[in-house]
Number of protein chains: 2
Amino acid sequence: MEKKMKRMATMHRLQVTGLELFYQQGYYNTSIDDILGKLSLSKGAFYYHFQSKDDFFISIIQNLVVQKVYGTLVQPIEGKEDPFTAIAQCFEVSLETAEHNELDRGFVLSNFMAEFKGKNPEIMEYFKDVLKVWEVNLISSLQKGKSDGYVDRHVDSSAVATYLISSYIGIRALMVEGNCRTLRYKYMMQLRHYFKMLANKETA
Amino acid sequence: MEKKMKRMATMHRLQVTGLELFYQQGYYNTSIDDILGKLSLSKGAFYYHFQSKDDFFISIIQNLVVQKVYGTLVQPIEGKEDPFTAIAQCFEVSLETAEHNELDRGFVLSNFMAEFKGKNPEIMEYFKDVLKVWEVNLISSLQKGKSDGYVDRHVDSSAVATYLISSYIGIRALMVEGNCRTLRYKYMMQLRHYFKMLANKETA
DNA sequence: TATAAAAAAGACTTATTGGTCTGTTTACAA
DNA sequence: TTGTAAACAGACCAATAAGTCTTTTTTATA
């Protein structure tokens, strides 16, 4: 019993630190020794738990990245009545968090996707899946918003979702070059304008 | 005279192939030997012309990246009457080009910025400058659009520019995971809606 | 043509990488 | 307490990286 716990604990520590460094420095630019050094662990420990660096990274995606994206961008919107208010609020929180995080390097998914594209199609698939979950949830949130009278009937939910995801990925990328506060302000302002346009005018 | 020409020619070949590979595989994941191999050149040639890999890359930014961004995203808008039509047209062309380019890896600038952030502040500055040029041109184009009666007076040109840049960076990042045609279509649709909202209603 | 400088070749050095392998420690069960 | 397997340490290996250095080839000019 205790054994299994220890195994899990070490694996988890490795994964957390691994994601931290992969995110900050990039996957290919982070060595396994970098991670091990930070945890005072040895090669033996690493290869006892994981088959390879790639295998290790895939476990990180499945265990940490998925939950991170879901908890940040999906859950905060789920179940809310007005999708526009919910999405705007969710984005605002996320951008504020990034703004106050000195070590922010942009949106995890898009960074990794840029790094792995054309190099590791298998890993790319995992990222696509995570993106898809986000997209699907945005769409269904918007569709529900139509039924509930918040979203104009003529709105193309799928296209709006794409546009939202694009702009979010972009603003996160822009924010890594500093000036976060201003950027966030400008972005949120235009986002809310855009939403106002898509809102159901009859109810409003 | 001929000597100077040969020097320039070799340097240029190295830079073009360098940018190609750096863009496709990432800077840190591309070795100098990769570039030299593609050109059948040797280490001696490289270090005769450039002091270091970083120095080489900076010369690429100054000579190729700047012009690429300018030619793709600034020039096509400059001087046009209606900024919204011009920008939409410019984005559409750019996205179509990316779509038909099998080797597209997203927007050069944002990719590199993600890779260099926190690692090489000097190089980051160069990217910031290029972005700034783009932003400034977008803003002045929108401002001019106000005078010419295309853009609503109440529009915050600076915020719109930020929003445009964000969404463009994002859609380019999204398109690397495939499905480009649909993504472009959805994106352009929403972009034009957004523009319609910002247009001067009196003239229209 | 002779020659000196420019341009390029390519072997070499040093550092780092992912991964292997053997040996040691730790923790639990009998 | 002792045996056994899990957990980990760390030396080692082959491959690859950026950068150096000496040597050779080109090329322009006197």
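Proteins get letters first, then strands, A, B, ... in listed order; numbering begins at 1 in each.
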For this session: Spell out protein contact along nucleotides 9-15 of chain C as letters: B when the base is contacted, S when just the sugar-phosphate is, - when no protein heavy atom is under 4.0 Å; keep the 5' to 3' order.
Result: BBB----

For this session: Provide, to the nearest angstrom, the distance between the CZ atom belonging to A:Phe50 and the P atom belonging to D:dC8.
Result: 11 Å

Exercise. Are any of A:Thr10's side-chain N or O atoms less than 4.0 Å away from OP1 or OP2 of D:dA7?
Worked result: no

Exercise. Please give, in whole Å, the distance from C:dA7 P to B:Arg7 CZ?
Worked result: 6 Å

Problem set entry | Whole angstrom value for the distance that separates C1' of C:dG19 from CZ of A:Phe57 | 19 Å

Problem set entry | Rounded distance in Å - CZ (A:Phe46) to C1' (C:dT20) | 14 Å

Exercise. Would you say the ring centroid of B:Phe116 lies under 6.0 angstrom from that of B:Tyr28?
Worked result: yes

Exercise. List DNA chain C stems (3 or more consecutive Watson-Crick/G-U pairs, under 3.5 Å)?
Worked result: C:1-13 with D:18-30, C:15-27 with D:4-16

For this session: To the nearest Å, give me how far apart CE (A:Met11) and C1' (D:dA6) are.
Result: 14 Å

For this session: State which of D:dG19, D:dA7, C:dG18 makes the closest approach to the side chain of A:Lys53.
Result: C:dG18

Problem set entry | A:Gln25 CD - C:dT17 C1' separation (whole Å) | 14 Å

For this session: Check whether any side-chain N or O of B:Ser40 sits under 3.5 Å from a backbone N or O of B:Leu36 as a donor-acceptor pair, and report yes or no.
Result: no

For this session: Could you tell me which residues satisfy side chain to side chain contact (heavy atoms under 4.5 Å, CB included) with A:Asp129, sequence neighbours excluded, listed by chain and number?
Result: none

Exercise. Looking at A:Tyr47, does the NZ or CZ of A:Lys53 lie under 6.0 angstrom from its six-membered ring centre and within 45 degrees of the ring axis?
Worked result: no

Exercise. Do the two ring centres, one from B:Tyr150 and one from B:Phe84, sit under 6.0 Å apart?
Worked result: no

For this session: State plainly whether the residues A:Lys38 and A:Asp34 are in salt-bridge range, i.e. N to O under 4.0 Å.
Result: no

Exercise. What's the OH-P distance between B:Tyr28 and C:dT17, to the nearest Å?
Worked result: 13 Å

Problem set entry | Side-chain N or O of A:Tyr48 closer than 4.0 Å to phosphate OP1/OP2 of D:dC8 | no

For this session: Tell me whether the OP1 or OP2 atom of C:dT16 has a side-chain N or O from A:Ser31 closer than 4.0 Å.
Result: no

Exercise. Can you check whether B:His49 has a side-chain N or O nearer than 4.0 Å to OP1 or OP2 of C:dA8?
Worked result: yes

Problem set entry | Aromatic ring proximity, centroids under 6.0 angstrom, A:Tyr163 and B:Tyr187 | yes

For this session: Can you label the angle between the B:Phe107 ring and the B:Trp134 ring as parallel, tilted or perpendicular, going by 30° and 60°?
Result: perpendicular

Exercise. What is the distance, rounded to the nearest whole Å, between atom CG of A:Asp33 and atom C1' of D:dT16?
Worked result: 15 Å

Problem set entry | Aromatic ring proximity B:Phe112/B:Phe57, centre distance under 6.0 Å | yes

